[in-house]
Amino acid sequence: MINWSEEKVRAFQKTLLNWYDQNKRDLPWRQDHDPYHVWISEIMLQQTQVQTVIPYYQRFMKQFPTVQSLANAEETELMKAWEGLGYYSRARNLQRAAQQLVDDYQGHWPTDVHELQQLSGIGPYTAGAIASIAFNQPVAAVDGNAFRVFSRLLEIDDDIAKPQTRKVFEKVINRIISKERPGDFNQAIMDLGASYMTATNYETAKSPVKAFNQSYLDGVEAHYPVKTKKKRPVPVDYFGLVIHSNQGYLFEKRPAKGILAGFWMFPLFNKSALAADESMTETSLIQALEKQFHSESGLSLHLTKVPSKPVSHTFTHQKWQITLLSSRLSADADLSFFSGNWIPTSEFENTPFSKVQSKMWLAYSNASNK
DNA sequence: GAGTCGTGGAG
DNA sequence: TCTCCAAGACT
């Protein structure tokens with residue numbers, strides 16, 4: 001797979017690290033090599049762009065400056081700090097790992113890659129990143145950048161969407177990585193992948209390592225990396241209920257597992273689950289919803305369509321389209337059938353909301369202020 | 001091993 | 001509007 005001589009490997013390391021020393025990005029988590037700083041930044045950066053992460057990272061460090069403070073944090077405050085970043089299980093795993101560090105490791109970090117992977121939320125990439133950056137271990141940190149950069153450098157044709165492909169790249173990188181400066185080597189590859197070797201609009205001709213880039217030299221770089229396509233999001237249509245009383249708005253806590261787990265949201269009702277057949281009009285769907293609500297609770301809701309466009313929100317694998325309906329209800333109505341709570345608007349700022357919940361609230365507020 | 005899990009930006 | 005991408009992990 002790789003036919004580089006020892007001499008070429010050393011030349012590549014020298015070229016890459018010299019470029020990195022002159023051009024590395026000045027990022028908040030690069031002020032030192034503290035494993036806590038490296039860890040938090042790596043988790044936040046998963047599937048998330050640098051510019052998005054920076055303000056979250058800075059707020060997080062002020063609020064939770066140590067492993068200990070993270071381990072002892074209130075879940076609501078933790079989720080509020082993570083609000084808007086997405087992939088919320090990252091935050092929960094973060095706290096679980098902090099508690100593991102306190103309870104099982106007496107607050108002392110393991111430095112071995114395999115041991116690091118025993119911590120919640122730390123997989124092969126993040127373990128490699130922490131081990132190399134914080135503890136100077138000569139191990140690969142194979143993320144999307146590494147896949148992209150090395151597939152182009154070496155014309156590796158394996159599909160990077162396949163889990164088994166990781167070990168191909170780990171093997172190659174473990175041979176090429178600098179044994180003296182493994183952390184800088186891995187970070188240099190990331191900076192390269194974010195500048196001269198991005199997914200699109202890359203400027204390989206200006207890249208400091210273009211002489212080592214076989215696919216560029218062969219004029220076939222557009223072919224790399226090889227990656228199979230993902231499925232498109234499935235449309236799912238809901239009614240979103242904005243129910244108001246003198247106690248606030250009615251929220252429902254989402255199940256502990258699945259999408260947006262544990263978040264408080266306006267109650268959502270799947271339209272297709274409500275429809276007896278596919279030809280039902282929206283008006284009759286609303287009537288069916290009122291009827292279902294009545295049979296489950298004994299409460300008579302009169303639902304009115306909110307004069308706004310449906311709220312649209314796309315996840316990785318689902319595209320939600322939410323039609324907002326509003327109603328008033330007495331605060332002393334018996335809602336015991338329903339895992340819900342009244343939340344006053346004064347508490348909104350202390351309650352973690354998903355982006356789609358914020359969109360619903362915004363659409364409703366705008367419509368009712370007209 | 002394929003599906004699941006958020007959000008924002010770019011083209 | 002659609003599609004893909006951005007420092008992945010877990011089931």
Side-chain angles (χ1 to χ4, degrees), chain A residues 24-25 27-30 37-57 79 82-94 96-97 116-130 132-133 140-149 159-167 169 173 183 185-195 197-202 225 227-236 254-263 265 309 312-321 352-359:
Chain A
K24 66 178 174 185
R25 290 174 288 178
L27 300 169
W29 46 89
R30 284 185 175 175
H37 298 163
V38 175
W39 174 43
I40 301 300
S41 67
E42 291 300 341
I43 300 296
M44 286 186 170
L45 285 161
Q46 290 171 9
Q47 305 293 287
T48 311
Q49 294 187 338
V50 167
Q51 61 175 33
T52 303
V53 166
I54 290 174
Y56 280 92
Y57 176 84
M79 297 313 289
W82 207 267
E83 178 183 84
L85 256 191
Y87 286 145
Y88 297 98
S89 65
R90 290 186 294 176
R92 297 195 171 96
N93 285 332
L94 212 49
R96 207 169 300 139
L116 284 166
Q117 279 196 65
Q118 302 307 309
L119 298 168
S120 286
I122 297 186
Y125 162 72
T126 306
I130 296 174
S132 63
I133 299 171
V142 189
D143 68 339
N145 289 305
F147 277 129
R148 191 167 56 252
V149 169
D159 181 357
I160 66 169
K162 303 280 184 192
Q164 65 209 31
T165 302
R166 167 176 299 279
K167 64 179 187 294
F169 282 75
I173 296 169
F185 180 96
N186 285 331
Q187 292 184 92
I189 294 298
M190 297 180 210
D191 279 18
L192 203 54
S195 56
M197 298 183 72
T198 59
T200 56
N201 291 334
Y202 42 89
K227 186 180 185 181
T228 52
K229 295 179 179 176
K230 295 172 184 171
K231 296 176 180 175
R232 4 186 287 199
V234 178
V236 187
R254 293 184 62 79
K257 293 192 173 185
I259 199 162
L260 301 177
F263 276 90
M265 284 185 59
K309 287 195 295 184
S312 180
H313 191 79
T314 305
F315 301 94
T316 308
H317 57 291
Q318 287 183 16
K319 180 186 167 109
W320 289 7
Q321 197 83 12
F353 286 150
S354 65
K355 188 56 60 177
V356 62
Q357 170 59 36
S358 298
K359 283 184 184 176

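A note on names: the letters A, B, ... follow the listed sequences, proteins ahead of strands, and every chain is numbered from 1. A quick note: this is a predicted structure, and the numbers were derived from the prediction, not measured.
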Practice task
Between C/dA6 and B/dC5, how far apart are the P atoms? Round to whole Å, please.
Solution key: 23 Å
Handout entry: Nearest-angstrom distance, C1' atom, C/dA7 to B/dG3
Key = 22 Å
Handout entry: Interatomic distance, A/Arg148 CZ vs C/dC4 P [rounded to whole Å]
Key = 16 Å
Practice task
For C/dT3, take OP1 and OP2 only and decide whether either is under 4.0 Å from a side-chain N or O of A/Arg232.
Solution key: yes
Completion exercise
Assert: residue with more 5' nearest nucleotide on DNA chain C, out of A/Lys230 and A/Met190, is A/Lys230
Problem - Under 4.0 angstrom between A/Lys227 side-chain N/O and C/dC5 OP1 or OP2 - result: yes
Handout entry: Shortest non-hydrogen contact from A/Ala127 toward A/Leu116
Key = O-CD1, 3.7 Å
Completion exercise
Separation of B/dG6 atom P from A/Ile43 atom CD1, nearest Å, is 15 Å
Handout entry: Distance, P atom - from C/dT11 to B/dG6, rounded to whole angstrom
Key = 14 Å
Exercise for the section: Could you tell me whether a side-chain N or O of A/Arg148 sits under 3.5 Å from a main-chain N or O of A/Pro225, the two making a donor and an acceptor? Expected result: no
Each nucleotide N or O in nucleotides 7-11 of chain B that has a protein N or O under 3.5 Å away: list the pair and distance.
from	atom 1	to	atom 2	distance (Å)
B/dT7	OP1	A/Tyr88	OH	2.9
B/dT7	OP1	A/Lys355	N	2.8
B/dT7	OP2	A/His313	NE2	2.8
B/dG8	OP1	A/Lys355	NZ	3.1
B/dG11	OP1	A/Asn201	ND2	3.0

Exercise for the section: For residues A/Phe315 and A/His313, establish whether the separation of their ring centroids is below 6.0 Å. Expected result: yes
Practice task
Could you state the atom-to-atom distance from CG of A/Leu45 to C1' of C/dC5 in whole Å?
Solution key: 15 Å
Practice task
Consider only side-chain N and O atoms of A/Arg90 and A/Asn93, and report whether a donor and an acceptor are under 3.5 Å apart.
Solution key: no
Exercise for the section: Decide yes or no, distance alone: a donor-acceptor N/O pair under 3.5 angstrom between the base of C/dA7 and the side-chain of A/Arg90. Expected result: no
Handout entry: Distance test, side-chain N/O of A/Lys319 to OP1/OP2 of C/dT1, below 4.0 Å
Key = no
Exercise for the section: Would you tell me whether A/Glu83 and A/Tyr88 have side-chain atoms, one donor and one acceptor, within less than 3.5 Å of each other? Expected result: no
Problem - Any donor-acceptor N or O pair under 3.5 Å, side chains A/Gln46, A/Thr126 - result: yes
Handout entry: A/Tyr56 OH - C/dA7 C1' separation (whole Å)
Key = 17 Å
Exercise for the section: To the nearest 0.5 Å, tell me how far A/Asp143 CG sits from A/Gln47 CD. Expected result: 9.5 Å
Problem - Closest nucleotide among B/dC5, C/dA7, C/dA9 to the A/Ile259 side chain - result: B/dC5
Exercise for the section: Using atom OH of A/Tyr125 as one end and atom P of C/dA9 as the other, report the distance to the nearest whole Å. Expected result: 8 Å
